[in-house]
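Written out below as C-alpha cells is the structure these notes cover.
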Amino acid sequence: MAPRSIPPTERQAPESRWQHQAQLLLQDLSQSLRQWPLWTHLGWQDLLRQYRRSVLGPAWIAINMAIFTAAFGWIGSQLFNQNPKTYVPYFCLGNVFFGFLTTMFNEGCRTYVDAAAFLKQAAYPKFSFVFRVMWRSLLMLLHQLPLIVVVLWYGGNLVGALWLLWLAGLALTVLSATLVLAVLAALATRYRDVPMVVASVLQIAFFVTPVMWHASQLSSERAQLLTALNPLAVWLDLMRQPLLGAAPPTSTWLASGLVLGLLLVVCSFTYLIARRRINYWL
C-alpha cells in the first residue's frame, strides 16, 4: 500500500503559522511607530504626574546627581589615585548613563501592568507601551544634559567631544535597551517576581560594570574578559567614550552589534509567545 501523500497545505502549515506570527509582529511594530503621538503623550504625562506639585520637578534628579558626583568624584579620585579633572567626568558620565539604563529596565518590568487599563479596553499595539517607557526614560536623560556639559567643561572635554559619534552610540544603545525592555515587560507580566530579580541583578551590576573604575585596573585576565562580555559595559563605552574625546574601538561596535542581533531573536520569540497571553496575565 503506497504511503499517503501529504497535501502541500498541510506540509506548509507550521511554516505558514510562523510567517503569520512574524507578520503580526511587524504589523504591531509598524502600528506602534505610526502611533508616536500616543506614546510620546503618555510618556510626557507620566513625567508630569510623577512630579506634580513639585517646584523643580525632574530637575531634582540632576541636582541629586550633581551632589553625588561632586562628593564621590572627590573621594573616588583619591581612592583610585586619579586626577579629579579626568576622573570626575568619567565617573559622572558612567553614573548618568548607567542610571538611564537601569531606569529603563526597572520601569520596563511594569510596562504592561501600568497599561492594563488601555490593553483591556482596546486592541492597542503592544510596542506602543514599550516605546512609552523608552521615551519617558529619554526625557529623564535629557534633564541630565546640563550636568554632562558642566563636567565636560570641568574636565576640558567639551571642545573635543565627538557629539555625532555619541549620538550614533546612543541610538544603538537605546535600540538594544528597548529590546531588553520589551522582553522584561512580557516576562514580568507573567512572572511577578521578575521586577525584584531585575532590581537585585542591576544593583550587583553597578559594581561589576566599569562605572566608577576602569577596566584596565583589573589585574586578572578573566576579570577583564568578564567585563568585555558585559553588555552594560559595552553600552557604557558607546555613550561615554565619544564625550571624553575617544572613539570606541571596533571590538566595542562589533560586540554591540552581536548583542543587538541576539536581542532581536529573543525579543521576537518572546513577543510571538506572549502576544495573545498578555491580556490574560493582566
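Values in this document were obtained by computation on a predicted structure and should not be read as measured data. What's counted below: heavy atoms across the whole structure, side chains too, no hydrogens, waters or symmetry copies.
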Leu243 to Ala161 - nearest heavy-atom pair and separation: O-CB, 3.6 Å
Distance-minimising heavy-atom pair for Leu139 and His143: O-ND1, 2.7 Å
Whether Phe98 and Phe206 hold their rings parallel, tilted or perpendicular, with breakpoints at 30° and 60°: perpendicular
Heavy-atom pair of closest approach, residues Ala188 and Val194: CA-CB, 3.8 Å
Side chain to side chain donor-acceptor pair (under 3.5 Å) pairs, two or more places apart, involving residues 90-111: Tyr90-Arg240, Glu107-Arg136, Arg110-Asp114
Any donor-acceptor pair under 3.5 Å from Arg277 side chain to Ile273 backbone: yes
Residues, nucleotides or ligands: over 12 heavy atoms within 6.0 Å of His214 NE2: yes
Aromatic plane relationship, Trp135 with Trp39 - under 30° parallel, 30 to 60° tilted, over 60° perpendicular: perpendicular
Trp235 CH2 to Leu170 CG distance, which is reported to the nearest 0.5 Å: 13.0 Å
Side chain to side chain contact (heavy atoms under 4.5 Å, CB included) between Tyr87 and Met212, intermediate numbers included: CA-CA 8 Å; Tyr87 180 77; Met212 52 184 164; 3.5 Å; yes
Minimum heavy-atom distance between Ser128 and Ser32, given as atom pair plus value: N-OG, 3.1 Å
Any side-chain heavy-atom pair of Val174 and Met134 under 4.5 Å: yes
Those residues that, when tested against Thr252, pass side chain to side chain contact (heavy atoms under 4.5 Å, CB included) (two or more places apart): Val234, Asp237, Leu238, Pro248, Pro249
Side chain to side chain donor-acceptor pair (under 3.5 Å) partners of residues 146-173, not counting sequence neighbours, each pair once: none
Inter-residue atom distance Gln31.CD - Leu38.CG, 0.5 Å rounding: 12.0 Å
Closest heavy-atom pair and its distance - Cys267, Val183: CA-CG2, 3.7 Å
Heavy atoms from other residues, nucleotides or ligands near CG of Asn81 exceed 12 (cutoff 6.0 Å): no
Side-chain (Ser256) to main-chain (Trp253) donor-acceptor, under 3.5 angstrom: yes
